[in-house]
Amino acid sequence: MSDLQLTGSKEQLFNADIRQQIDQWVAKYPSGQSQAAVIPALHILQDAHQGWLSDPLMDALAEYLSMPTISVYEVATFYTMFELKPVGKHKISICTNISCMLNGSEQVVEHIESRLGVGLGKTTSDGKFTIKEVECLGACCGAPMMQLDRDYHEHLTAERIDQILDGIS
Amino acid sequence: MQLDQICFRTRHLAKPWTMESYRSVGGYEMLEKILKEKTRPEDIIEELKDSALRGRGGAGFPTGLKWSFMPRRLPGAKYIVCNSDEGEPGTCKDRDILRFNPHQVVEGMIIAGYTIGAQSGYNYIRGEFVEPFERFEAAIQEAREAGYLGKNILGSKFSFELYTQPGAGAYICGEETALLESIEGKKGQPRYKPPFPAGYGLFGRPTTVNNTETLASVPVILQYGGEWFHEIGTPNNGGSKIFSVSGHVNQPGNYEVPLGTPFSELLELAGGMKHGNKIKAVIPGGTSTPVIPGEAMMDVAMSYDGISRGGSMLGAGSVIVMDETTCMVKALERIAEFYYEESCGQCTPCREGTGWLYRVVKRIEHGEGTQQDLDRLVDVANNISGNTICALGEAAAMPVISFIKHFRDEFQHHIDHKCCQVGEGAP
Ligand SMILES: Cc1cc2nc3c(=O)[nH]c(=O)nc-3n(C[C@H](O)[C@H](O)[C@H](O)COP(=O)(O)O)c2cc1C
Ligand code: SF4
Ligand code: FES
């Protein structure tokens with residue numbers, strides 16, 4: 001359920017607020033380079049669409065940025081932050097790369113999996129959380145770490161994780 | 001030893017990221033001076049050459065020389081691009097520069113624009129870095145309000161605009177030409193070089209790409225002089241450098257110390273080894289740099305030349321410390337998995353080779369490796385090196401070769417005994 005307009009003429013697509021946000025990006029590039037706005041625009045649309053990108057949404061963006069549909073798909077599939085299937089209300093990304101691994105990311109994964117009752121890459125049955133394993137998020141000195149939606153949480157312990165997740169509605 | 005003199009010079013202040021804090025340490029004084037005195041770009045480049053500043057993004061290329069390649073008099077658009085895609089495992093310094101001292105990157109980029117003849121700049125920040133992105137955007141806003149961005153800055157003839165561009169999760173976009181492709185709204189696949197970005201860069205125009213830490217160093221170098229900066233470090237290794245120390249240490253963190261600081265001192269700053277354990281190995285510059293056995297590392301000086309003498313590379317200054325409980329096969333398995341996941345797939349040796357490396361190390365780690373596998377690993381690694389479009393191939397190969405060279409007995413143990421040498425639960 002999304003109240004975004006996905007068909008029709010360019011002036012009607014998405015909604016006024018989203019069009020304005022995308023236009024602000026387009027204004028940052030030389031004329032004729034509006035494709036450069038595709039990554040920022042995909043972030044905006046994903047946020048406005050329960051955290052994932054549907055085909056009609058990407059088709060509409062291609063139309064809006066006057067670029068081939070296939071190019072939008074190519075970008076959306078290349079970058080790991082873009083979700084091409086429905087996800088939970090909150091996304092937990094756990095880094096398991098070397099510095100985090102040396103500091104116990106395996107236990108972090110185990111703790112979150114058992115607390116939420118689902119494995120990596122899955123969404124809880126109430127649709128609240130999706131958990132993902134990710135590569136280094138550039139916070140290695142805070143290992144082990146995870147990202148919950150937009151925020152980083154570092155130096156994780158089982159207690160710390162419980163505290164953080166208890167506070168999420 | 002003096003800490004936090006360059007990129008972290010605001011870190012001790014209450015709200016280090018504000019314009020007010022940045023000004024209190026002398027921020028934007030250099031930009032004002034340059035515009036007022038109409039400093040010749042050639043002189044700025046000379047100062048940078050004197051400073052012996054080398055790129056902090058991994059390759060260590062001399063910054064003054066790089067800037068001198070720009071055809072600054074060529075009419076038309078030219079760009080300065082800041083690389084804040086930070087994603088090499090072990091590296092987490094650019095995030096802190098952007099969070100705690102974003103204005104210094106802004107000032108560095110404006111000065112770079114002035115010097116190389118660029119009218120606009122983009123800072124490409126990895127998509128997951130929400131807070132750093134917002135801090136940098138806020139700094140741009142403040143700088144614009146103060147008249148440091150826009151048309152005819154401070155009444156000079158110089159006009160410059162600065163933008164932030166987000167990534168979306170792809171390590172390869174840290175490679176400078178992949179990064180340019182990504183800003184242009186494409187998959188982040190590296191371009192063939194030549195042409196180099198100074199000839200054909202962003203939107204097909206001359207472009208200089210520099211790392212966040214490199215650009216943040218520029219205002220301080222110009223303020224106190226290239227020679228001053230050079231002398232903080234050692235000959236040919238100017239200045240201080242932020243080392244991200246992670247792994248089995250008591251106080252992991254970003255330490256900005258003079259280049260040439262002995263590793264033993266850096267380890268002490270980082271609180272020493274966790275649980276008093278014995279040091280086993282150190283990856284000194286991020287996962288793409290060769291591993292060095294702990295004992296040998298104790299004699300290494302943390303500079304480009306020092307680490308190179310020790311058999312590895314300074315890279316991005318990402319020091320990953322491993323203690324005696326670490327299983328080196330497992331550590332390598334995780335590193336090999338990373339490069340396999342992150343290969344952009346454009347060249348066959350990298351696309352196929354990283355998969356081979358990962359699968360073979362994994363099978364050894366899980367007690368299913370054969371004697372031939374050890375030789376096969378080195379063979380595959382050697383076949384990737386030098387046969388690819390970008391340096392990710394090399395980055396995947398180097399850890400494999402160095403891990404086997406220094407810790408061959410551990411790999412052998414896994415093959416002979418189908419189990420780990422350091423015991424259950426390691427690392
Ligand atoms: C696979 C790969 C990943 C890279 N990642 C980064 C990065 O995250 N940040 C960075 O500054 N440089 C990175 N580099 C190096 C850049 O290509 C480039 O050399 C650097 O941004 C130049 O800036 P500097 O001269 O100031 O170091 C990477 C290189 C490769 C091959
Ligand atoms: S070396 Fe690997 S990452 Fe680099 S261009 Fe080739 S396939 Fe892509
Ligand atoms: S290794 Fe986990 S954040 Fe870098």
Side-chain angles (χ1 to χ4, degrees), chain A residues 24-30 32-44 46 65 67 71-83 93 95-107 132-143 145 147 149-152 154-155, chain B residues 77 85-96 120 122 126-132 161 163-171 173 182-189 203 205 244-248 252-254 274 283 287 318 320-323 326 330-331 334-335 337-338 341-342 344 427:
Chain A
Q24 279 179 1
W25 281 102
V26 173
K28 298 182 180 191
Y29 318 108
Q33 298 289 354
S34 56
Q35 178 172 344
V38 66
I39 290 175
L42 285 170
H43 280 301
I44 292 167
Q46 177 161 294
L65 292 177
M67 60 189 278
S71 308
V72 177
Y73 282 66
E74 261 183 13
V75 168
T77 51
F78 186 82
Y79 296 91
T80 57
M81 287 178 78
F82 296 131
E83 303 290 346
S93 305
C95 170
T96 58
N97 214 306
I98 184 84
S99 304
C100 286
M101 181 181 97
L102 294 172
N103 285 292
S105 61
E106 278 173 7
Q107 287 90 294
K132 277 179 90 171
E133 176 179 25
V134 293
E135 297 297 350
C136 176
L137 288 181
C140 325
C141 296
M145 66 80 65
Q147 181 169 22
D149 298 328
R150 42 166 287 154
D151 296 324
Y152 276 29
E154 304 177 40
H155 302 293
Chain B
D85 193 47
E86 187 156 73
E88 167 106 347
T91 319
C92 52
K93 67 195 175 66
D94 298 334
R95 171 174 175 244
D96 277 2
S120 32
Y122 294 88
R126 67 176 293 176
E128 296 89 346
F129 281 178
V130 179
E131 186 189 36
E161 262 312 331
Y163 308 106
T164 327
Q165 178 80 3
Y171 163 69
C173 290
S182 183
I183 299 182
E184 293 179 4
K186 302 174 193 152
K187 290 189 286 186
Q189 290 192 320
F203 305 124
R205 302 294 308 168
S244 306
V245 187
S246 70
H248 294 141
N254 282 315
K274 227 173 169 174
I283 300 174
T287 47
S318 331
I320 305 166
V321 180
M322 293 175 268
D323 72 14
T326 313
K330 188 167 175 177
R334 188 62 188 89
I335 292 171
E337 182 186 9
F338 172 73
E341 288 288 334
E342 300 296 334
C344 85

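The figures that follow rest on heavy atoms only: side chains count, while hydrogens, waters and symmetry mates do not. The chains referred to below are lettered A, B, ... by the order of the sequence lines, with proteins before strands, and numbering in each begins at 1.
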Next item on the list: Return the orientation label for the A:Tyr29 and B:Tyr122 ring planes: parallel under 30°, perpendicular over 60°, tilted otherwise.
Entry: parallel

So for [X], is it side chain, backbone, both, or neither that comes closer than 4.5 Å to the heavy atoms of chain A?
X	result
B:Lys274	side chain
B:Ser182	both
B:Phe338	both
B:Ser244	both
B:Glu88	backbone

Between [X] and [Y], what is the shortest heavy-atom contact and its length?
X	Y	result
B:Gly247	A:Asn103	O-ND2, 3.3 Å
B:Pro166	A:Trp25	CD-CH2, 3.6 Å
A:Glu135	B:Glu341	OE2-CG, 3.6 Å
B:Ser246	A:Ser99	OG-OG, 2.8 Å
A:Gly138	B:Cys92	O-CB, 3.1 Å
B:Lys187	A:Val75	N-CG2, 4.0 Å

Check: Taking the side chain as C-beta and beyond, is there a heavy-atom pair between B:Glu161 and A:Lys28 under 4.5 Å?
Finding: no

Check: So, do B:Cys173 and A:Tyr79 sit near enough that their side-chain heavy atoms are less than 4.5 Å apart?
Finding: yes

Check: Mind checking what makes side-chain contact (heavy atoms from CB on, under 4.5 Å) contact with A:Thr80, not counting sequence neighbours?
Finding: none

Next item on the list: Apply side-chain contact (heavy atoms from CB on, under 4.5 Å) to A:Gln107 and list each qualifying residue two or more places apart in sequence or on a separate chain.
Entry: none

Notebook entry, point to check: Are B:Arg334 and A:Glu106 close enough for a salt bridge, meaning some N to O gap below 4.0 Å?
Noted result: no

Checklist line | Ion pair check, A:Glu154 and B:Arg95, cut-off under 4.0 Å | finding: yes

Could you tell me whether the side chain of [X] and the main chain of [Y] form a donor-acceptor pair under 3.5 Å?
X	Y	answer
B:Glu131	A:Asp151	no
A:His43	B:Gly167	yes
B:Glu184	A:Ala36	no

Next item on the list: Would you mind checking which part of A:Val72 comes under 4.5 Å of any heavy atom in chain B, side chain (CB onward), backbone (N, CA, C, O), both or neither?
Entry: neither

Margin query: Less than 4.5 Å to any heavy atom of chain B: does that hold for the side chain of A:Ala143, its backbone, both, or neither?
Written below: neither

Say you draw a straight line from [atom1] of [X] to [atom2] of [Y]; how long is it, rounded to the nearest 0.5 Å?
X	Y	atom1	atom2	value
A:Gln35	B:Phe203	CD	CZ	10.0 Å
A:Leu102	B:Asp323	CG	CG	8.0 Å
B:Phe129	A:Gln147	CZ	CD	9.5 Å
B:Ile320	A:Met101	CD1	CE	10.0 Å

Next item on the list: Please determine, among B:Gln165, B:Glu86, B:Glu342, the option with the most heavy-atom pairs under 4.5 Å with chain A.
Entry: B:Gln165

Notebook entry, point to check: Taking B:Ser120, B:Gly188, B:Cys344 one by one, which has the highest count of heavy-atom pairs under 4.5 Å against chain A?
Noted result: B:Gly188

Next item on the list: Name the option with the most non-hydrogen atom pairs under 4.5 Å to chain B; the candidates are A:Val38, A:Ile98, A:Thr77.
Entry: A:Ile98

Next item on the list: Determine, stepwise, if the pair A:Phe78 / B:Gln189 fulfils side-chain contact (heavy atoms from CB on, under 4.5 Å).
Entry: CA-CA 10 Å; A:Phe78 186 82; B:Gln189 290 192 320; 4.2 Å; yes

